[in-house]
Each structure stands twice: as structure tokens, then as C-alpha cells.
Chemist: 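Provided herewith is a single structure, encoded as C-alpha cells, for subsequent inquiry.
Heads up: numbering here begins at 1 and tracks the sequence.
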Amino acid sequence: MALTLRALSAERPLGLRVRAAEGALDRPIGWVHPTELTDPQAFLEGGELLLTTGLSLDETTAPGYIRRLVDAGVAGLGFGVGLSHESIPQSLVDTAEEVGLPVLEVPRKTPFIAITRAVSRAVAADEYASLVRTGKGQQELTRTAVGKGGPGGVVRKLAKLVDGWVLLLDSAGAVTEASPASSRHFVDGVREDLTRLRAGTLVTVVGEDEVVLQTLDTRARGVLVVGTREPLDAAGQHIVNTAVSLLSLALEQNREHVVALRQLRSGLCDQLAAGRVELATKTMKTLWGGVPEAPWEVVAVTGPAAARRALADALEAEALGEKVFFGESGSFVIALGDVEPVVRLASRGGGLHAGLADPVSTVDFPAGLRQAKQAAEAAKAERSELVRFSEHAGRGFLELVDSQAAQAFSDSLLAPLRQHDETGRGALVASLTCWLEHHGHWDLASARLGVHRHTLRNRVRKVAELTGRDLDSPGVRAEFWLALQVSART
């Protein structure tokens, strides 16, 4: 559960004192943001605890400042005393009380970083709890689905996990399962919404409950309806999505069962692509008994839909076990692990083109997936059975770019790093090159460079500072890599 202003103010080591709007202290804190700007609205998303020493505030300007914070949707204001002000301006306190914005007095002995750490710990704990809840819920639903409970068991378990009510409807909108049984009457409240729902998800309100309607991945159109008093959080949404996949499995027979199973495989590919490795691998272990050993080879296969379906059928028939996991992502069949059998089977299918990525760790699967898809598209364009990303990239992109423009771009981007390196204060160009070559792996890159990983982190942070670019962005990393490749060729 998110940390509230009331809980934060109750942490005695911080010594915070509530000065205004005590009745609004149950607001959750999304994050902490220290600033001395008199109008920080452009830099806020809402829900923050704003920290300030009031450097530019006085009795005259404080009321307008408070109203701007309310317009920005901040959760509350922490005002540090003992620096710019010995006490909080009274007009600020009075205005905050009037508009209902909580104000916490921060004593001189309490650094703002202590408050940031307290909130950060709470946010991390909340995210971890959500992760654990999601994983536990998925496991419980899976055990129920593969046991004797059937669809009814999954519906009952889901209602318990989300603390709400659940209906399973058939293609005609009739209730086939309900938990609790008394929730059947809610179907009348969603009749009109059912007529508007073709596929996917629709969110509506029935009485005091938020209701999510989600179509099942079955040939016979069915709908899962989930009602809760409070909106579903991220964990609840993942649990409902898992229930949809599992119910789809339970309701399909023979080929329908296979199709739904592939939907679950695709969902796991999407989870991996979104970086949710732990959740995806746990589900793989539960349903398929294991996970391919890392590092993973990643292959993407594209081509006509019928040929892709035939490939998926062949992969099912091969019973590759824990060595290979496959699924679908858009117009691609994706496989990871020891993918040699996949490449072999794809070469037999008419009109299929495969792209093979460089081996990646589990956490780097999103990058491997992008590489494999790019290589598959290249194979399709060249009418080749297989293109390796290393070959595709190697022959590649620089040939498509005007050499003079590329050189100018490289010189401009790398100039601050070269100037810094000339002072002898750190090999930024070499460190950045090694870090990118190792796909952002701190330990591997620092070991290759022979420096401590904290030293490498400081160097990469310095690169970002000197160039003003965010190295967490894949696009920015690609630009630096291009600039480095151009530099290496000259």
C-alpha cells in the first residue's frame, strides 16, 4: 500500500510537524521532488510531496504559490525551516489550510534526502509487494486451472484474489459461472456494454463498483466480467489477464486448446519483452516444467500466416521441452533458447524468413527480440531463409548514411567526451564503447575495462552530463553507437 503523508509524518526520526490540512494527510505520496521554483507546475505530474526551503517566498508571494501547487495536484508540501526562514510564513499556512493542502514542517536537522529515502523505501516495498502478489496470484490461478476446479474454480479463485465479484459469460451473454453466486444479478448492469464490446477490454461502472469486461481468447466468444469496489491496481490487472488466458485454455478443446495455449505463450513473450522476466519465467516453470538455460539465442520467423501456423504446429509436435520456448509476437513466431530446431523447421516452410539475434541474457531479451525481428525483416526483403543480426548490422547501416553527414554527427556528439579525455580525467570514449558493446552490463563491461563498476557508472553518468543526453533511452544509445562506429572507421 502506498505511503501516505500521515504515515510519513508519523516517522519520529524525521521530526516532521503537521502545520496545515491535517484532515488530508491520508493522500498517498507518489514521489518526492525538492525545488525552490516559485512555479514548478511544468515539472510535476501530480501526487508528489514537494520539498522547499522557501528561498523565494515571503508573506506576499506564499498564497499564490500554494494555489499553484494545488493546481498541479501535489500531495503535500514539506517546508524546511532554519535556512531561508526560521518559521513557515503564516500566509502560506493559512492559505494551505484554506485550500486543503497538507504542509509538513521539516526541522533544520532533517535533510531532505532523509525524506526522499523514506519515500523511496516505501515505493520499492510497494512495488515488491505488487510483484509478489502478482506472482502468487498467477501461481494460484494456474494450480486451480490445471487441477479439478475447471473454469468455475478459476472464477472463484479470481474473485478471492481481487476481492470482488466475477462473472463468466458465454457468447450469448448468459452467465455460466459466478462468484459469489449472488453476483449473477450484475449481468443486467453490463448488458448494454456487452453490445459495444467486440474484442479486448472495456471498463465501466455498475453501482459503486468499477467493472472490467474482457473478451476471452476463444473461438466461441466469451467474456470475463470482474467487479471491484476500488479500481484494479497493476497486480490486479496482471492477475485478471492471467485468469483470461487460463480460462481460455480451460474452455477450449483439442485445437481450441492449442490456440489458447499459444496465446498464453505469446503473452509470456510480451511479458519478457516488457522486462517482466521473473513473472514470465515462473509461469514457464509452472506450465512447461522449466526455462531454457541462458544466455538465450533468439530467433524471429515471419512469412504468410498459414506458414507461421504450420511452424507453430511443428514446434508443438517436436516436444522440445525445456530447451526451447516459443510464442507469437504480431506477425512473427518467436523462439528462445537452443533455437537450431526452430531454424531447421522454418527452412522447410514455404515463404518463411528467419532472423537470428546475438545471444542475450534473460534481462536483455527485449534487445534480442528487436534484433531478431530486424534480421527477419532483412531476410524477407532479401528473400533469404535466414539472416543473422550480426551480419545484418555489420554490413549495414553506415552504408546508408551520407559519410560527411555521419562524420559531422559523430564529431559533434563525441566532442565533449574527447575534450574531457584529453585532460586525463577518465577514458570516457573507451568506457562508453565497452559499456555499449556489453549491452549496458555494468559488471561485464567494468571487468573488461579493469575498473570497478562504480567507476564505470560514474564515467557513464559523466557522459550523460557532458552531452545532455539520457543514456537510459535505447534511441540515445543507438546514436552513440553509430557515432562511435563512424569514429572507428576514420
Chemist: Please answer whether the main-chain N or O of L5 pairs with a side-chain N or O of S9 as donor and acceptor at a distance below 3.5 Å.
Modeler: yes
Chemist: Taking the side chain as every heavy atom from C-beta outward, state whether L213 and T201 have any atom pair closer than 4.5 Å.
Modeler: no
Chemist: For the side chain of S384 and the backbone of V387, is there at least one donor-acceptor N/O pair under 3.5 Å apart?
Modeler: no
Chemist: Is there side-chain contact between D270 and L268, with at least one heavy-atom pair below 4.5 Å?
Modeler: no
Chemist: Check whether any side-chain heavy atom of P295 sits under 4.5 Å from a side-chain heavy atom of V360, and report yes or no.
Modeler: no
Chemist: Got a sec, which residues hit salt bridge (Lys or Arg N to Asp or Glu O under 4.0 Å) with E11, two or more places apart in sequence or on another chain?
Modeler: none
Chemist: If you count the non-hydrogen atoms of other residues, nucleotides and ligands that lie under 6.0 Å from CD in E36, is the total more than 12?
Modeler: yes
Chemist: Could you check whether E377 pairs with K380 (Lys NZ or Arg NE/NH1/NH2 to Asp/Glu carboxylate O, under 4.0 Å)?
Modeler: no
Chemist: Is there a donor-acceptor pair closer than 3.5 Å between any side-chain N or O of H420 and the backbone N or O of P416?
Modeler: no
Chemist: Before accepting this row, confirm whether a basic side-chain N of the pair R68/D71 lies closer than 4.0 Å to the acidic partner's carboxylate O.
Modeler: no
Chemist: List in chain and number order the residues that pass side-chain contact (heavy atoms from CB on, under 4.5 Å) with S446, two or more places apart in sequence or in another chain; answer none if no residue qualifies.
Modeler: V451, R453, L456
Chemist: Between R388 and D358, is there a side-chain N and carboxylate O pair less than 4.0 Å apart?
Modeler: no
Chemist: Answer yes or no: is there a donor N or O on one side and an acceptor on the other, between the side chain of R459 and the main chain of L432, under 3.5 Å?
Modeler: no
Chemist: How about T35 and T52: do any of their side-chain heavy atoms sit closer than 4.5 Å?
Modeler: no
Chemist: Spell out, as yes or no, whether a donor-acceptor pair under 3.5 Å connects the side chain of H85 to the backbone of L57.
Modeler: yes
